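Heads up: the structure comes next, in structure tokens.
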2 protein chains.
Amino acid sequence: MGITKSEHFTDKQNELATLAKAIGHPARIAIIEHLIKVNSCMCGDIVNELPLAQPTVSQHLKELKNAGLIKGNFEGNAICYCLNEEGFNKIKDFFQHINTYLENKKNQCC
Amino acid sequence: MGITKSEHFTDKQNELATLAKAIGHPARIAIIEHLIKVNSCMCGDIVNELPLAQPTVSQHLKELKNAGLIKGNFEGNAICYCLNEEGFNKIKDFFQHINTYLENKKNQCC
DNA sequence: TATTTATATTGCAATATTACGATATATATG
DNA sequence: CATATATATCGTAATATTGCAATATAAATA
């Protein structure tokens, strides 16, 4: 059906899924990596950096913004984007939990 | 178009996107969390744990397996699933990179 | 205010994902 | 081998995502 039954899962699970899903596209990975590289930049720079049309990039930026992974400020008539710490902090705990588990695990069946 | 132009991105970017996408569903988050909680378990336990039909769960398990995030072994006539360290290690570096950046960043526009 | 520049939104076609009933397959055991 | 149990696959409907051309909007400046 293409419709996720999110009402059956916890808020935390849905939130993590939303964050991971937002990261789950190569164009959005590329945007995140570019923002790390240059610290912050104009939206137009990202459009030039990616092999996608401007409306497509705008859409990807919107998804990252909605997920809380980036934020943008008007700077003149352009918009300056950069990473949003809040969003990444939410995922951090999840992966730390997993890593701690993986480092200490024993007696697995596989 | 619903078709990701993966040929325009690096292998690394596509790989990370695939991993994040696999995590990007609450049912698959629930599966990962359950496997951490019980260390390893029969496929049937996961089916009982989730509010989804058996074929749907089977499909989610397949996606996690294809992404390299879980693995399964036959144990009698059932299958024992557990986390696959390899997959999670690939994401780990990405997030560590981001976290290191976020902890040291300065002079952002936003 | 008119123009330019930068970004967002709309509308739509192509493709992907989610979900599940029905069914197939694989293993264990009688 | 027949049956039971566990899991996977198939087929299909509903919905979501991706991508872009066309267009709208917002801010700066002439």
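For clarity, every value in this text was computed on a predicted model and none was experimentally measured. We name chains A, B, ... by the order of the sequence lines, and we start the count at 1 in each one.
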Side chain to side chain contact (heavy atoms under 4.5 Å, CB included) for B/Ile32 and A/Phe94? Distances and angles first, verdict last. CA-CA 10 Å; B/Ile32 292 169; A/Phe94 178 65; 4.2 Å; yes

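- Note on B/Glu63: only backbone sugar-phosphate atoms sit closer than 4.0 angstrom, heavy atoms only; bases stay farther off.
- As judged by a 4.0 angstrom heavy-atom cut-off over every strand, B/Ser58 is placed among the base-contacting residues.
- One atom, CG of A/Asn77, and another, P of D/dA27, lie 10 Å apart when rounded to the nearest Å.
- The interatomic distance linking B/Phe9 (CZ) with D/dG19 (C1') rounds to 11 Å, in whole Å.
- The distance from atom CG of A/Leu50 to atom C1' of D/dC20 is 15 Å, rounded to the nearest whole Å.
- Contact check, A/His60 against D/dG19: a side-chain N or O comes under 4.0 Å of OP1 or OP2.
- The listed nucleotides are D/dT15, D/dA22, D/dT7; the one nearest the side chain of A/Pro55 is D/dA22.
- Residue B/Gln59 has its side chain nearest to C/dA19 when only D/dA26, C/dA19, C/dT15 are considered.
- Contacts of B/Lys65 with the nucleic acid, taken as non-hydrogen atoms under 4.0 Å apart, are absent.
- Summarising the geometry, the separation between CD1 on B/Ile79 and P on C/dA28 is reported as 11 Å, rounded to the nearest angstrom.
- What you find for A/Ala67 and A/Leu19 is that their closest heavy atoms are O-CD2, 3.2 Å.
- Using modelled atom types, no side-chain atom of A/Asn84 and backbone atom of A/Lys71 make a donor-acceptor pair closer than 3.5 Å.
- A/His8 has no side-chain polar atom (N or O) that falls below the 4.0 Å cut-off from OP1 or OP2 of C/dA19.
- The aromatic rings of A/His25 and A/His60 sit tilted, their planes meeting at an angle between 30° and 60°.
- Of the candidates C/dA19, C/dT5, D/dC20, D/dC20 carries the atom nearest the A/Leu52 side chain, counting heavy atoms from C-beta on.
- Closest non-hydrogen pair, A/Leu16 versus A/Lys90, comes out as CD2-O, 3.9 Å.
- When rounded to the nearest whole Å, the span between CG of A/Asn66 and P of C/dA8 equals 11 Å.
- Note: CZ (B/Phe74) to P (C/dA26) measures 9 Å, nearest angstrom.
- Using a 4.0 Å heavy-atom distance criterion, B/Thr56 is classed as a base contact.
- Applying the 4.0 Å criterion to OP1 and OP2 of C/dA6, one finds that A/Tyr81 has every side-chain N and O outside that range.
- For the pair B/Arg28 and A/Cys43, nearest-nucleotide mapping onto DNA chain C gives the more 5' position to A/Cys43.
- Of the possible donor and acceptor atoms, one in the side chain of A/Thr18 sits under 3.5 Å from a partner among the backbone N and O of A/Asn14.
- Side-chain to base pairing of B/Gln54 with D/dA8: one donor and one acceptor N or O lie within less than 3.5 Å of each other.
- At D/dT17, one or more side-chain N or O atoms of A/Lys21 fall inside 4.0 Å of OP1 or OP2 (strictly under the cut-off).
- Nearest-nucleotide assignment on DNA chain C puts the 5′-proximal partner with A/Met42, out of A/Met42 and A/Lys5.
- Regarding contacts with the backbone of D/dT9, a side-chain N or O of B/Lys62 is found under 4.0 angstrom from either OP1 or OP2.
- In this structure, the NE2 atom of B/His25 is 18 Å from the P atom of C/dA16, given to the nearest Å.
- With rounding to whole Å, B/Asn73 atom CG is found 12 Å from D/dA8 atom P.
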